[in-house]
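To start, the structure itself, in structure tokens.
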Amino acid sequence: MSLKKHSDHKYIEALLQNDNRVLNELYQKFSGKIILYVTKNSGSYDDAQDVIQEVLITIFHQANERNFTLTCPFDAYFFLLCKRNWLNKLNKKGIKKVTILEEITSITDEQEFLVQETEMYEKRTALFEKKLIELGGKCKELLDVSFKLKNMEKVAAFLNISYGYARKKKSECMSKLTKMIKSSSNFNSLTTM
Amino acid sequence: MNEKDAQFIEQFLNNELNETEVKTFNFRLKNDVDFAKEFNLYKEVNDTLSKRFSDKDRENELKETLTILGEKYVKPNKNNSDAKPKIFFLQRYNKFLVAASLVIFATLLWFNDSKPNFSDYANYPNLELTTRSTTANNHIKKAENSFNNKDYEAAQKELEILLKTDRTKVELQLYLAICLMEQNHFNKADKLLKKISNGNSVYKDKAIWYLALSKLKQERYKKCKEYLKKIPKDSSEYADAQDLLSRL
């Protein structure tokens, strides 16, 4: 597997930098195929807009949190992610009938791998966020603040508790959170790639 | 993971262990497979959520840009002839957005945590549809049950079916928008709510209130405030709106 950065990595950089010029180019070049796919398969223009935005935010998360490097052309990678996102939504709605537009889907193994990696990342981190919400109460409040402020002295000052107590509570709450994540039925299928 | 190990990991990540303790830590990491697994997951969750939470403002700025680009490129009947001047406009507009967001970001950096939560205000009246028709009866029941049990995905499905036969029923549209908002489908939810808020139905003020809640959930506090200020004094949402405004 080549790890060489593809020239289309500029679109990933544009998401990280919120670069309006390059993002304009991204929409201009790549949104057409996705709109066509979604609207040919029981979706509306609003659905297409949501799919595109959700996928781009997922890529942003992966790039921002894991230094994701694009090693293949953006076109097929992006299309396949959007396509699968939409198929999942259709599946949830119970719609199985899908019009296949083969002429716009030519996927290499490398692209397939990157798509799976991005999808896995999205599902795994969504599980983290879901379990944090389920954790609730004081634990969630303390973790929310410690994730935002990072520095435990600031966390303690913000919550008006002692530094020692804040640190002890954070590890206790993290222990609870990781237990909940691990005991989730789909955790074992969400391996890091 | 037991809490003692969690504390040990937390101290290690914060560089609070002395030399001997670091050696013990590294020894366990190398020789205790279960401990190593616990450490990796702890660190992954901590690193991922820290980054995601601290970069929420950047994410929201990007969403603003993507929403504008989506309106421009994804909606039908947009042609290239009207795109060019808009590129110029949007680039300038985006600069303004970035500048404005930077100011907001700097202001919010320390005070963001004191903002009210969406869940504090997301209390909806039960869905009780009074209209009855023989064909839609089953879907009405399902929509009511799903919504009142907070199964918004199922309620959305049923409401969409009901709206196929009764597209003009604003109450259904309002509850559909709530379902969409609850599932974070903000583009669709906001569009529907704007449509209701621009109409003259009895749900007009409720739609403005839910638009404000949608913005609150998206952590777009400025927009949230703008909507809250639009709710008139004689509206049943006025008290809640004032309460939320005072906390923003």
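Computation of the quantities below employed the complete heavy-atom set of this structure, encompassing side-chain atoms and omitting hydrogens, waters and symmetry-equivalent molecules. Below, chains carry the letters A, B, ... as their sequence lines are ordered, and counting in each starts from 1.
- The contact between B:K63 and chain A is made by backbone and side chain atoms together, counting heavy-atom distances below 4.5 Å.
- Ring orientation note: the planes of B:Y175 and B:F147 are nearly perpendicular, at an angle over 60° on the 30°/60° scale.
- Of the N and O atoms on the side chains of A:D47 and A:S44, at least one donor lies less than 3.5 Å from an acceptor on the other residue.
- Using a 3.5 Å distance cut-off with no hydrogens or angles, the side chains of B:E10 and B:N14 do pair a donor with an acceptor.
- A:N41 and A:K83 form no side-chain donor-acceptor contact under 3.5 Å, judged by distance and modelled atom types alone.
- Results of the ring-ring contact (aromatic ring centres under 6.0 Å, His included) test with A:Y11 over A:F60, A:Y77, A:F78, A:F30 single out A:F30 as the only residue that passes.
- Heavy atoms closer than 4.5 Å to chain A are found in both the backbone and the side chain of B:T67.
- The contact list for residues 32-39 of chain B toward chain A, using heavy atoms and a distance under 4.5 Å, reads B:E38 by residue number.
- Using modelled atom types, one finds no donor on one side chain facing an acceptor on the other under 3.5 Å when comparing A:S175 with B:E3.
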Please evaluate residues A:E13 and A:D19 with respect to the criterion side-chain contact (heavy atoms from CB on, under 4.5 Å), reporting the C-alpha separation (whole Å), side-chain torsions for both, the decisive distance (0.1 Å), and the verdict. CA-CA 8 Å; A:E13 286 296 330; A:D19 182 336; over 6 Å; no

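- For B:K157, the part lying under 4.5 angstrom from a heavy atom of chain A is the side chain only.
- Interface remark: B:N46 contributes backbone and side-chain atoms alike to the contact with chain A (heavy atom separation under 4.5 Å).
- Under the 4.0 Å criterion applied to side-chain N and carboxylate O atoms, B:K150 and B:E182 are not assigned as salt-bridge partners.
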